[in-house]
Amino acid sequence: MKDNEVICLQIPGETEYVGIARHAVDAVGEQISLPPDARMAIKLAVGEACNNAVKHARQAGSEAHPVSVACRVQPDALEIDVTNHGNGFHPEVPAAMPVAEALDEHGRGLALMEMMMDSVEFLSENGNTTVRMRKNRPMAAMAAAMAL
Amino acid sequence: METTIGLTVTPRTAGEGTQALDLVGEVDVYTAPLLRQAIMDQVDAGVKYLLIDLTKVEYLDSTGLGILIGGVKRLKEQGGNLHLVGPSARITRIFEITGLNKIFEVYPSEQEALSASSQAGAARTSPAGGA
């Protein structure tokens, strides 16, 4: 896989397709020789981003809008955009991890995304919200990918 | 390890007074309701000690964590507990970075989890081991 190539996927805005999206992104990570821990981190972050996107994909009285996932293979990083084409949402960042002892059952997704990735930012345009995440590529992974 | 998209949840009796749920696959926003229902079925049946076998779980997201927290809360309300068995190093790391390793009792093997359950049960029923 060459640098600067883009791999795009669009899924229906339904929870049952989130697994397909995260496995597709993981396949990109495998192709560019990211180490297993980095791939696991990306899978979790993409899964959480898709969870949020699907949650906001359905507007009242309408069918769920699709969710787009785009992976850009950069020389020094894998950049992933997850775009919700339904209702925009504007989370507070950085997110605080809920205190474990409070036993909250919700509210960890965004904090997990930020902990798993090297950068996470939210972009809003025309009612769409994009979560842009970057995972830096270790030198060894870059060298291995170039040798393929 | 072969990747399994989806989740299967199999209930069984693990020991005296202790039930287990064997999970295989991925716990995410789509599959988590299956786990929630399986836990609630055990709670509704009066089970106090529940082991969740994570040995064959390859992925666990924040939705799954929320379901497990709900299970701990409900079992503790009826004087029991939920124990986790055999999570991989990567799943263990998720418990650590969320701080939930302070909430869940995690055991490397079912035998150790059963021993902890039986000791806790004995402490609760013993006249000397009351609250």
Side-chain angles (χ1 to χ4, degrees), chain A residues 11-27 29-30 35-58 64 67 82 91 95-117, chain B residues 1-8 23-36 39-40 43 54 57-77 81-82 84 87-106:
Chain A
I11 60 169
E14 307 283 354
T15 58
E16 66 183 289
Y17 298 99
V18 167
I20 292 173
R22 74 172 177 265
H23 281 279
V25 174
D26 183 48
E30 182 180 23
D37 285 348
R39 285 174 53 196
M40 186 64 203
I42 290 169
K43 266 176 85 171
L44 185 55
V46 168
E48 297 293 349
C50 288
N51 290 353
N52 269 339
V54 165
K55 182 178 169 187
H56 293 89
R58 188 180 293 279
V67 171
V82 176
M97 184 66 75
V99 175
E101 288 81 356
L103 296 179
D104 288 331
E105 295 173 38
H106 304 283
R108 291 177 180 80
L110 183 52
L112 275 173
M113 286 163 54
E114 292 178 341
M115 295 175 94
M116 293 292 113
M117 303 300 276
Chain B
M1 181 186 292
E2 186 178 341
T3 300
T4 305
I5 298 182
L7 177 71
T8 60
L23 311 189
V24 179
E26 301 188 322
V27 187
D28 71 358
V29 67
Y30 181 60
T31 62
L34 185 65
L35 176 58
R36 179 196 290 119
I39 292 174
M40 289 313 298
V43 171
L54 298 174
V57 169
E58 300 151 24
Y59 177 87
L60 178 70
D61 74 359
S62 63
T63 321
L65 291 173
I67 300 296
L68 294 175
I69 292 168
V72 166
K73 285 159 71 172
R74 280 150 196 84
L75 285 160
K76 284 191 171 178
E77 281 168 6
N81 205 350
L82 180 150
L84 304 178
S88 67
R90 293 197 182 104
I91 300 291
T92 299
R93 179 80 183 124
I94 294 170
F95 290 122
E96 289 170 351
I97 64 175
T98 54
L100 293 171
N101 56 328
K102 293 177 279 186
I103 302 302
F104 294 113
E105 293 188 25
V106 184

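A, B, ... follow the sequence lines: proteins, then strands. Residue 1 opens every chain.
- Using a 4.5 Å cut-off between heavy atoms, B:Ile94 touches chain A through its side chain atoms alone.
- Annotation: side chain of B:Val29 is not in contact with side chain of A:Val54 (no heavy-atom distance under 4.5 Å).
- When side chains are defined from C-beta on, B:Arg93 does not count as touching A:Asp37, because their heavy atoms never get closer than 4.5 Å.
- Side-chain N or O atoms of B:Lys102 include none that pairs as donor or acceptor with a backbone N or O of A:Ala100 at under 3.5 Å.
- Counting heavy atoms from C-beta on, the side chains of A:Met116 and B:Ile97 come closer than 4.5 Å.
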Legend entry - Criterion salt bridge (Lys or Arg N to Asp or Glu O under 4.0 Å) on A:Glu105 and B:Arg74, from CA distance to verdict: CA-CA 12 Å; A:Glu105 295 173 38; B:Arg74 280 150 196 84; 3.5 Å; yes
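- Here the CD1 atom belonging to B:Ile103 is positioned 5.0 Å from the CG atom belonging to A:Leu103, to the nearest 0.5 angstrom.
- For the atom pair B:Ser62 OG and A:Leu110 CG, the distance stands at 10.0 Å (nearest 0.5 Å).
- Proximity to chain B is limited to the side chain of A:Leu112, based on heavy atoms less than 4.5 angstrom apart.
- With contacts defined as side-chain heavy-atom distances shorter than 4.5 Å, the pair B:Ile69/A:Arg108 qualifies.
- For the residue pair B:Tyr59 and A:Glu48, the shortest heavy atom distance occurs at OH-N, 4.5 Å.
- In this structure, A:Asn51 CG and B:Thr63 OG1 are separated by 4.5 Å, a value rounded to the nearest 0.5 Å.
- More than 12 heavy atoms of other shown residues, nucleotides or ligands fall within 6.0 angstrom of atom CZ in B:Phe95.
- Residue contact with chain A, scored on non-hydrogen atoms closer than 4.5 Å, involves the side chain of B:Leu65 exclusively.
- With contacts defined as side-chain heavy-atom distances shorter than 4.5 Å, the pair A:His23/B:Glu26 qualifies.
- Side-chain contact between A:Thr15 and B:Asp28 is absent, with no heavy atoms from C-beta onward closer than 4.5 Å.
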